[in-house]
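Sequence lines set the chain letters: A, B, ... in the order given, protein chains first and strands last, and positions in each chain run from 1. The shown structure was predicted, so the numbers you read here are calculated from the model rather than taken from an experiment.
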Amino acid sequence: MAREIAKAYEPQQIEPRWADFWVKEALFKANPSAPGPVFSIVIPPPNVTGSLHIGHMLEHTEIDILTRWHRMRGYNTLYLPGTDHAGISTQRVVVKYLANQGINYQKLGRERFEQEVWKWKEEAGGQITRQMKGIGESCDWSREKFTLSPEMSRRVREVFVRLYEEGLIYRETRLVNWCPDCLTVLSDLEVVHEERQGHLWHIKYPVVGGKEFLVVATTRPETMLGDTAVAVHPEDERYKQLVGKKALLPLMNREIPIIADEMVDREFGTGVVKITPAHDPNDFEVGKRHKLAEIDVMTDDGKMSAAAGSYAGMDRFAARKRVVEELQKQGALEKITDHANAIGLCERSKTVVEPRISTQWFCKMKPLAEPAIAAVERGEILMVPDNRREEYFNWMRNIRDWTLSRQLWWGHRIPAWYCKEHNHITVARDTPAKCATCGSTNLEQDPDVLDTWFSSGLWPFSTLGWPENTDDYKTYYPTTLLITGYDILFFWAARMIMMGIHFTGQVPFRAVYLHSLVRTGSGEKMSKSKGTGLDPVALNQQYGTDAMRFCLASMAAPGTDIILSDDKLAGARNFANKIWNAARFLFVNLDKFEQTGAKLEELAGPEVRAKAPYTVAGKIPLVDAWLFARLAATIEMMNDALENYRFHEAAQGVYQFFWGDFCDWYIEWVKPELQSAGRERATAAWKNLFAAFDAALRLLHPFMPFLTEELWHQLPQAAGAKSIALGQFPEGEPRWRSAEPLREVAQIQEVVTMLRAIRAEMKLDAKKKVAAEFSTTDRSLENAIQANREAVERFAVLSELRMVAKEKFDTTSGAVRSTATFDVRVVYSETVDAGAEKVRLKKEKEGLQKAIASKERQLGDETFRSRAPEKIIKGLEATLAQQKTELEKLQRRLGDLDGGSSQAAGT
RNA sequence: AGGCCCGUAGCUCAGUUGGUUAGAGCGCUACCUUGACACGGUAGAGGUCUGGGGUUCGAGUCCCCACGGGCCUACCA
């Protein structure tokens, strides 16, 4: 039967079908009681409001490659998907969505707002999950989790209560990061710093009862409205006599004490600091030490409060301008200088974060961090690349308490209740009926929710059923590894480690692989807001998901950021197309061969493939043996690479094998032998061809799941075999490994390449057949060439390849090339320009002479001989001898060229 | 301020414990529309590894300094 196969690979035609198939067949459903070693991985849950961006694409590609690879190697495999409720982001998105419909969320009220978010989540929130299915991630969708689902929430609450009972969670009033746009407190990690050119305003504070004044410098003049002191260093001779006196706060006309505190840096500015305890972390500490009043001059939304007097109601930045103007008017502004400082911005809204005084829930981190540091120190958790360990240690050792509460409506409500009478705190797993302290029934739950990252920190075990000892938990925890971006190492990898160890007594994963960032062509971090992001979905559509995956994998060297470009994607697409066409070649030719009575089943059936390679006259043909030896080497190399997260090497390996070895050499080599009906050679070639092709597809499958699934289904498969994804990753059969064919074919390839190079240099017409001579003293090479003369002749477009004895080899005429072991000569009757050849030879001569000189110097050096390992010396000597032979031949050849006026080849 | 990383062919990057004329893809040049593939084939040009110093028999690889670029952490007003 004739097969219809498109001339070029069209991924758009094929991908959706298999994506559906994998999900519908629930092909990747895990079974805790399945045999084999365990490979389990949980997805770093993407934001439920999000859509797939290029960073996910990379991360998910790496996860899926390792997952598929392990599954194919017989591991009991789980890839658990899910999404994160992403408190701030989601709330922002839905607030905006409602506002667009003219609905004010605050007027809507908490309960109805939450309903709206759930509704929105159900309708619009599944996008990333749908996209993950579309790109064929081999997840167990039956185990999909959501961080805010009722079951996850119960586990979050369990953790909160336990930590509270252990005294690790507490409530306190202190200075925190406040985002006036998101209207919530933020943890330190959610504040990003940006270097900005600002100013330092120098303000004169008159000393009460004197004529002098103190000059303070500030970057935020508007906060002076909340000043409650001025501080100097206790040993600063300039100001010593003023300590204990009062200063008059300009604009507010408030008398504030002049105090002495060690925290003041005498060198900076004037050595006098204004103290605003409610708006600066340092000042807050000073305020506590000196029992100063804390005057909050701002409101939640970044406006000046009633405490700011006449500035009340103004936006904080407008107030800054106005304060400066007023000071200027009053002559209280001494000067303005330029000052660069790192300014804190809200990670989500990019609003300038305002340090504010506030009562919040915190988590004590030191006790949690210590075992987490130790686990990495002891190597219980491997960090790849390991230079990230230092960053981890650095952060962990200087860790500060974590602000857990958020003033949001979307999230895990803090399980703390306050009695109205005494404000006693009751923290409980279940909604309490009465106050644990006084028994009051008049309780009110804390309105705040938990930081989203709190629930993400539990993800590796909460998703597996903890605190119950479920089958999933027993089998799949600890997970094998976590793959995530290095930019969120602290956000969740570190916290997962702390929480995991604390609650399960085990590390949550054995390794953390920190993948690279994907950057734009100009090397910048991609950003949606700047419009510099690449849309992976559109690119997948354009180039094919397989091409995208392969491209990313082939650039994913640990520790190196990826710069993606159209060129590179096109390269990967071309590779997919190459494979498609290799398959097309097989099937088109098979159609013909079948007309001679052969059957696909007999040539390519699974049990036939299993026995490859096949022999001809009792012997495996050289090139067939070579192909399987190369296959074995590739498998070994890929396994080793993937074992060490070296995705790029594994990708390169399969690329080289499929394109270079299989297509360029093997197929070309056996091409003419495939159509000789009934002959042993043809049958063996077909069988070996299919066996190697099938193995190569399986090697490629983790990288290009769609294409390989499609082609695999076109080969005969065992009854009941559903998918290549459930097939076996090839193992390098011992019988495939053989060094001799590798060496011999490499030599033949060298002979062919040389002959082709001569042709190219002589500018011979590509189709013009010419005679050539070959001479060698290497018997095995001679035999190999003899036995494969037809292939060599075809590869080099020769009318005839003559074997010539060494002494009869004519170097003086024709175009000659030599290596230490053989010489080849193209016999051609036209006059050839010797100029180019001489240039080439001279260049090569120089290179050789340099190499020889350096080796002779080294080998002549006594110290070298006495200290270098034997292996190196022997190797050097061998290479030297070879190079000397080459050089001799080269010089003779150069002499010949100089001798004759023109190079006319004989015969 | 402290810490980390990078600087290798025109471009993007590999280069495993220091060891034998430094690799790939893309681009470039020349030839080839050959019955799988022009998203292709063949051959080729092109780096002395940012600069300087050092350790070593031997350095792209280890150490120091400089220059250039990036990142992380950090309460200097």
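When distances run from any side-chain atom of A:Arg400 to the nucleotides B:rC75, B:rG41, B:rC39, the shortest one goes to B:rC75. Of the candidates B:rU33, B:rU12, B:rG44, the closest approach to any side-chain atom of A:Arg817 belongs to B:rG44. Picking from B:rA36, B:rA77, B:rU73 the nucleotide with the shortest atom distance to the side chain of A:Asn581 gives B:rA36. Taking every side-chain heavy atom of A:Asn394 into account, B:rU73 is the closest of B:rG25, B:rA43, B:rU73. The side chain of A:Arg584 has B:rA36 as its nearest neighbour among B:rA36, B:rA74, B:rA45. Of the listed nucleotides (B:rC39, B:rC13, B:rA43), B:rC39 has the atom at the smallest distance from the side chain of A:Ala8. With B:rA24, B:rC72, B:rA43 as the choices, the nucleotide that has an atom nearest any side-chain atom of A:Ala757 turns out to be B:rA43. Of the candidate nucleotides B:rA43, B:rA77, B:rG25, B:rA43 has the atom nearest to the side chain of A:Ala760. With distances taken from any side-chain atom of A:Asn387 to the nucleotides B:rC5, B:rA36, B:rG2, the minimum falls on B:rC5. Distance from the side chain of A:Phe268 is smallest to B:rC76 among B:rC76, B:rG25, B:rG44.
Ring geometry for A:Trp395 versus A:Phe490: interplanar angle under 30°, hence parallel rather than tilted (30 to 60°). Classification of the A:His339-A:Phe268 ring pair by plane angle, with boundaries at 30° and 60°, yields perpendicular. Using cut-offs of 30° and 60° for the angle between ring planes, the A:Tyr645 and A:Phe647 rings count as tilted. Aromatic ring orientation, A:Trp669 versus A:Phe795: perpendicular (interplanar angle above 60°, classes split at 30° and 60°).
Using a 4.0 Å heavy-atom criterion, one finds that A:Phe575 contacts no nucleic acid atom at all. The residue A:Arg388 sits apart from the nucleic acid: no heavy atom pair falls under 4.0 Å. A:Lys671 comes within 4.0 angstrom of a nucleotide base, judged by non-hydrogen atoms across all strands. Among the protein residues, A:Leu848 comes within range of the nucleic acid bases, having at least one heavy atom under 4.0 Å from a base atom. In this structure, A:Pro385 reaches neither bases nor backbone, as no heavy-atom distance under 4.0 Å exists between it and the strands shown. Among the heavy atoms of the strands, none lies under 4.0 Å from A:Glu285. Backbone-only engagement by A:Arg756 is indicated by non-hydrogen atom pairs under 4.0 Å involving sugar-phosphate atoms exclusively. A:Thr218 comes within 4.0 angstrom of sugar-phosphate atoms only, judged by non-hydrogen atoms across all strands, and of no base.
Remark: B:rU50 base-pairs with B:rA66; criterion is Watson-Crick or G-U wobble with both hydrogen-bond distances under 3.5 Å. Both distances falling under 3.5 Å, in either a Watson-Crick or a G-U wobble arrangement, place B:rU42 opposite B:rA30. Look at B:rA36: it lacks any Watson-Crick or wobble partner with both distances under 3.5 angstrom. Taking a pair to require two hydrogen-bonding distances under 3.5 Å in either a Watson-Crick or a G-U wobble arrangement, B:rU16 remains unpaired. Using Watson-Crick or G-U wobble geometry with both donor-acceptor distances under 3.5 Å, B:rG25 finds its partner in B:rC11. B:rC71: Watson-Crick or G-U partner is B:rG3, with both key distances under 3.5 Å.
Looking at A:Asn282, its side chain comes within 3.5 Å of the base of B:rC75 through a donor and an acceptor atom. Side-chain atoms of A:Lys578 come within donor-acceptor range of the base of B:rC37, with a qualifying N/O pair under 3.5 Å. Within 3.5 Å, no donor on the side chain of A:Glu649 pairs with an acceptor on the base of B:rA24, nor the reverse.
Comparing B:rU12 with B:rA77, their C1' atoms sit 45 Å apart, to the nearest whole Å. Using atom P as the reference point in both B:rC37 and B:rU42, the two lie 15 Å apart (nearest Å). Annotation: B:rU56 and B:rC62 have their C1' atoms spaced 10 Å apart (nearest Å). Across B:rA24 and B:rG47, the matching C1' atoms stand 14 Å from one another, rounded to whole Å. A distance of about 12 Å separates the C1' atoms of B:rA9 and B:rC28, rounded to the whole Å. Comparing B:rC39 with B:rU33, their C1' atoms sit 15 Å apart, to the nearest whole Å. Nucleotides B:rC49 and B:rU8 are separated by 4 Å at their C1' atoms, to the nearest Å. Taking the C1' atoms as reference points, B:rA59 lies 15 Å from B:rC64, given to the whole Å.
Both A:Ala868 and A:Tyr486 sit near RNA chain B, but only A:Ala868 has its closest nucleotide nearer the 5' end. With the nearest nucleotide of RNA chain B identified for both A:Leu189 and A:Glu267, A:Leu189 has the one nearer the 5' end.
In this structure, the CZ atom of A:Arg389 is 18 Å from the C1' atom of B:rU73, given to the nearest Å. Atom C1' of nucleotide B:rG25 and atom OH of A:Tyr543 are separated by 15 Å, given to the nearest angstrom. Residue A:Phe585 contributes atom CZ, which lies 7 Å from atom C1' of B:rA36 at whole-angstrom precision. For A:Tyr655 and B:rG23, the OH to P distance is 18 Å, given to the nearest whole Å. The distance from atom CD of A:Glu668 to atom C1' of B:rA36 is 9 Å, rounded to the nearest whole Å. Atom CG of A:Asp487 and atom C1' of B:rU73 are 15 Å apart (whole Å). Per the geometry, CG belonging to A:Asp664 stands 10 Å off C1' belonging to B:rU42, to the nearest Å. The distance from atom CG of A:Asp236 to atom C1' of B:rA77 is 15 Å, rounded to the nearest whole Å.
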| task | Check the pair A:Glu846 / A:Lys842 against salt bridge (charged side-chain N to carboxylate O under 4.0 Å, His left out), numbers first and verdict last. | result | CA-CA 6 Å; A:Glu846 280 165 28; A:Lys842 273 185 186 151; over 6 Å; no
| Chi angles and distances behind the salt bridge (charged side-chain N to carboxylate O under 4.0 Å, His left out) call for A:Arg356, A:Glu354 | CA-CA 6 Å; A:Arg356 282 190 85 208; A:Glu354 199 61 46; over 6 Å; no
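Under a cutoff of 6.0 Å and an axis angle of 45°, A:Arg220 and A:Trp201 do not form a cation-pi pair.
Using modelled atom types and a 3.5 Å distance limit, the side chains of A:Tyr543 and A:Asn574 yield no donor-acceptor pair.
Listed here is the closest heavy atom pair of A:Gly271 and A:Arg238: CA-NH2, 4.0 Å.
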